[in-house]
Amino acid sequence: MIVNMSEGATEEQIQHVADRIREAGYQAHITRGAQRAIVAAVGSGRRNEIEALQAAPGVEDVVPIAQPFKLVSRQVHPSRTIVNVAGVHIGGPEIVVIAGPCSVESEEQILSTARAVKKAGARMLRGGAYKPRTSPYDFQGLGTEALRLLDRTRKETGLPVVTEVMSTEDVDIICEHADMLQIGARNMQNFALLRALATIRKPIMLKRGPSATVKEWLLAAEYLLAGGNSQVVLCERGIRTFETETRNTLDLAAVALAKELSHLPVIADPSHGTGRPSLIPPMARAAVALGADGLMIEVHPCPERALSDGPQSLTFEGFERMMSGLQEPLHRVALAAATAS
Ligand code: PEP
Ligand code: MN
């Protein structure tokens, strides 16, 4: 349930409502907007006691929360969340491009990639240290050695780093080295991992599972917010469909829908979403045009030698071209307007 406070409600009245919500067995979450505050009753408790708050001083109305993902929903938090990753703001006016190799493979590989993507306009570096691979015989990542290389690369380039965490055991060590932790698609519903990451003080990138509905994705994010971590960025990375020409089907409608339903920033990953370098620039442009807050792109100095996801990796030149192409839809609209006048 949501208790909408009236415009002139005092701090005392807001706190009184929050206390009454807790007495009724719920958690109370206060969101302060420019005009008014909202106090959400989340969890399970005595609903009739919340409905009765209609009569409390400073209360405008009491309404049910329409969605099962309560704290993630825009009803509870109408203004957009901006996630701060070591000074890079995701969810604000800037489109944040995160780029780098699928896996960290060597010092030379990660450093040269970081320098190249930074020069082309990327604001964050990605690189896997612990890799979820379909086959146990494939490269599994360099682990702690990769974390050390990511550290060194951040020091040299200043780019904040995001890397995947696959197990609760690795949370502490990854927190020591990364600026943001990625929950990979295969782990979107690893509830033990979600609970562990809800308690840390680092931002999280939550990828959508390959067969997860938008509702399931947002409920996975709800675990993080309900456990105390509200610094969450959602990442659409493609879902499994009947189509076999692309690695996954990048569901851009889900990007727009997640932004409509939730206040969290949403980015798109056209690398895993298509698996084809030729489709990455057009899908990146489409994602930006429809309101994505950022992009995650795999880049490798020599894709044919990559130890993972080489076939979908952009070269440095390919990435640079993709970055300049991001302006294209806007130019074309401006051009059409100029021609019309
Ligand atoms: C990755 O980012 O390299 C990765 C493994 O992503 P996903 O979890 O989306 O497959
Ligand atoms: Mn990859």
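Note that ligands are numbered from 1 as they come in the structure, with each ligand's atoms numbered from 1 the same way. Bear in mind that the values here come from a model prediction, so they are computed numbers and not experimental data.
- Ile183 and Phe69 fall within a single hydrophobic cluster, where Ile, Leu, Val, Met, Phe, Trp and Tyr side chains are chained together by heavy-atom contacts under 4.5 Å.
- At under 3.5 Å, not a single nitrogen or oxygen of Glu164, backbone or side chain, sits near a nitrogen or oxygen of ligand 1.
- Protein heavy atom in closest approach to atom 4 (C) of ligand 1: His272 NE2, 3.5 Å.
- Taking the Mn ion (ligand 2) as reference, the nearest N/O/S atom within Asp309 carries the name OD2.
- Scanning the protein for heavy atoms near atom 9 (O) of ligand 1, the closest one is Arg237 NE, 2.7 Å.
- Between the OE2 atom of Glu298 and the SG atom of Cys102, the angle taken at the Mn ion (ligand 2) works out to 100° after rounding to 10°.
- In the vicinity of Gly184, heavy-atom distances shorter than 4.0 Å reach the ligand 1 atoms 8 (O).
- Looking at Glu298, Arg237, Glu236 one by one, the single match for side chain to side chain donor-acceptor pair (under 3.5 Å) with His272 turns out to be Glu298.
- Each of the following atoms of ligand 1 lies closer than 4.0 Å to a heavy atom of Arg186: 8 (O), 10 (O).
- Using a 4.5 Å cut-off between side-chain heavy atoms of Ile, Leu, Val, Met, Phe, Trp and Tyr, with links allowed through other members, Val161 and Val233 fall into different hydrophobic clusters.
- Residue Tyr26 holds its OH atom at 5.5 Å from CD1 of Ile50, rounded to the nearest 0.5 Å.
- Of the protein's heavy atoms, Arg126 NH1, 2.7 Å lies nearest to atom 2 (O) of ligand 1.
- Of all atoms in ligand 1, numbered sequentially from 1 with element shown, those under 4.0 Å from a heavy atom of Ala185 are 7 (P), 8 (O), 9 (O).
- Distances between N or O atoms of Asp309 and those of ligand 1 include no value under 3.5 Å.
- Side-chain contact, Glu216 with Gln189: no donor N or O sits under 3.5 Å from an acceptor N or O.
- Under the 4.0 Å criterion applied to side-chain N and carboxylate O atoms, Arg208 and Asp251 are assigned as salt-bridge partners.
- Arg46 and Glu23 are not joined by a salt bridge, as no carboxylate oxygen comes within less than 4.0 angstrom of a charged side-chain nitrogen.
- The shortest N/O to N/O separation between Lys131 and ligand 1 falls below 3.5 Å.
- Between Asp269 and Arg126 there is no salt bridge, since no side-chain nitrogen of the basic residue lies less than 4.0 Å from a carboxylate oxygen of the acidic one.
- Atom numbering of ligand 1 starts at 1 in the shown order; those under 4.0 Å from a heavy atom of Cys102 are 3 (O).
- Rounded to the nearest 0.5 Å, atoms CG (Leu206) and CD1 (Ile267) are 11.0 Å apart.
- Here Glu105 does not pair with Arg305 in a salt bridge; the nearest charged N to carboxylate O distance is not below 4.0 Å.
- Residue contacts with ligand 1 leave out Gly128, since none of its heavy atoms falls under 4.0 Å from the ligand.
- Distances from the Mn ion (ligand 2) to the N/O/S atoms of His272 are shortest for NE2.
- Of the protein's heavy atoms, Lys207 NZ, 2.9 Å lies nearest to atom 6 (O) of ligand 1.
- Close approach of ligand 1 to Glu298 (heavy-atom distance below 4.0 Å) involves ligand atoms 1 (C), 3 (O).
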